[in-house]
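A, B, ... follow the sequence lines: proteins, then strands. Residue 1 opens every chain.
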2 protein chains.
Amino acid sequence: MVVYELTDSEVDAMFRALADATRRDIVNRVLHENASVSRLAERYDMSFAAVQKHVAVLQAAGLVTKSRRGREQIVSGNLASIHHIQKLLSHFETVWKQRALQMAEVLRDDATTEAPPNPASSGARVDIPHD
Amino acid sequence: MVVYELTDSEVDAMFRALADATRRDIVNRVLHENASVSRLAERYDMSFAAVQKHVAVLQAAGLVTKSRRGREQIVSGNLASIHHIQKLLSHFETVWKQRALQMAEVLRDDATTEAPPNPASSGARVDIPHD
DNA sequence: TTCATATACAACCATTTGGTTGTATATTAT
DNA sequence: ATAATATACAACCAAATGGTTGTATATGAA
């Protein structure tokens with residue numbers, strides 16, 4: 001269910017937004033529970049304005065959204081965008097795994113068409129990560 | 001199969017490295033097929049030195065490795081690290097989904113202990129992304 | 001040996017980033 | 001009305017980023 005393809009600079013913004021431990025922590029926090037900007041700011045050893053900027057970066061990247069509630073701005077996580085970049089990474093994995101399979105296949109073909117059976121290539125394996 | 005926990009700054013480096021379209025393209029390319037730095041440089045509209053720097057950033061982040069072959073440096077993708085940060089993102093998703101389930105549960109409890117049955121809360125749903 | 005190729009790396013520059021402080025505005029509480 | 005709270009935003013600064021050019025070094029080919 002792809003809504004629309006993200007541009008390069010949109011993806012840039014998402015990864016850049018996640019390239020900071022404070023911002024990753026904010027994302028984690030608001031995924032657990034929505035929080036106002038000042039509530040978030042209490043937790044970090046930096047000025048309110050700094051946290052405000054971090055939230056702005058996350059918002060510009062589409063990773064969180066803000067909604068007014070009285071005088072507060074409530075920050076909440078946007079799962080769709082996280083899901084999107086996670087899929088991008090899993091695409092990388094898929095590419096690699098397919099390459100691994102192709103390599104194994106080449107080895108198998110070589111063994112049957114050009115060289116005598118090779119015990120190593122008959123059981124050809126390429127490391128594929130698992131959990 | 002976690003080898004060792006990455007530090008914040010290591011994760012920072014990975015995300016920062018991926019926050020550039022040229023570097024993401026390099027990763028994609030070397031996941032498909034290993035390539036020397038100059039071979040990679042041919043493809044991009046920037047100086048060799050610039051591409052060299054991009055590769056260095058990816059290498060520092062552990063996303064690719066370099067190995068000498070004669071006068072060339074062959075760049076290859078490091079799937080383990082990609083897998084690692086992909087898992088980090090899927091953790092975010094898990095957190096969110098659990099929260100969604102908890103919210104649904106709270107709604108259910110409210111309905112049975114404090115208020116008359118509510119047609120809306122009995123079918124409580126929270127959007128969960130799917131493919 | 002000499003020439004071409006592949007890389008390394010330093011120096012430089014403009015822009016962005018991540019922080020600060022200070023000031024202004026809107027909302028809630030007394 | 002006044003004070004306290006929550007946010008917005010500008011101006012400033014040091015450091016990092018993403019590019020450049022130039023120079024040096026190592027390897028392979030003729």
Q.
On a heavy-atom basis, which atom in Q73(A) and which in S67(A) lie closest, and how many Å separate them?
A.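 Taking Q73(A) first and S67(A) second, the nearest heavy atoms are OE1-C, 3.5 Å.
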Q. Shortest non-hydrogen contact from L18(A) to F15(B)?
A.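 Residues L18(A) and F15(B), closest heavy atoms: O-CD1, 3.5 Å.
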Tell me every residue that passes side-chain hydrogen bond (donor to acceptor under 3.5 Å, both in side chains) with [X], counting only those two or more places apart in sequence or in another chain.
| X | result |
| --- | --- |
| S76(B) | T65(B) |
| R24(B) | D12(A) |
| R69(A) | E72(A) |
| S90(A) | none |

Within this structure, what is the [atom1]-to-[atom2] distance between [X] and [N], rounded to whole angstrom?
| X | N | atom1 | atom2 | result |
| --- | --- | --- | --- | --- |
| R23(B) | dT17(D) | CZ | P | 9 Å |
| R16(A) | dT16(C) | CZ | P | 10 Å |
| D20(A) | dT17(D) | CG | C1' | 15 Å |
| M46(B) | dT21(D) | CE | P | 13 Å |

Residues forming a side chain to side chain contact (heavy atoms under 4.5 Å, CB included) with [X], sequence neighbours excluded:
| X | result |
| --- | --- |
| A13(A) | A61(A) |
| A50(B) | M46(B), S47(B) |
| A56(B) | none |
| V75(B) | V30(B), V37(B), L40(B), V55(B), V64(B), K66(B) |

Q) Is any side-chain N or O of S47(A) closer than 4.0 Å to OP1 or OP2 of dT20(C)? A)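 So the side-chain polar atoms of S47(A) do come within 4.0 Å of the phosphate oxygens OP1 or OP2 of dT20(C), strictly under.
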Q) Mapping G70(A) and V57(A) to their closest nucleotides on DNA chain C, which lands nearer the 5' end? A)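 Nearest-nucleotide comparison on DNA chain C picks V57(A).
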Q) Considering heavy-atom distances to DNA chain C, does R69(A) or H54(A) have its closest nucleotide positioned more toward the 5' end? A)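 Its nearest nucleotide lies further toward 5', so the answer is H54(A).
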Q. Among residues 26-33 of chain A, which residues get a heavy atom nearer than 4.0 Å to DNA chain D?
A.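 None, since no heavy atom is under 4.0 Å.
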Q. Through what angle, rounded to 10 degrees, does the axis of the helix from dT1(C)-dA30(D) to dT30(C)-dA1(D) turn between its ends, using five pairs per end?
A.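 That helix gives 20° between its end axes.
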**Q.** salt bridge (Lys or Arg N to Asp or Glu O under 4.0 Å) pairs, two or more places apart, involving residues 27-55 of chain A
**A.**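 Sorted result for residues 27-55 of chain A: D25(A)-R29(A).
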Q.
Generate the contact string for nucleotides 6-13 of chain C. Rules: B means base contact, S means sugar-phosphate contact only, - means no protein heavy atom under 4.0 Å.
A. SBBB-B--
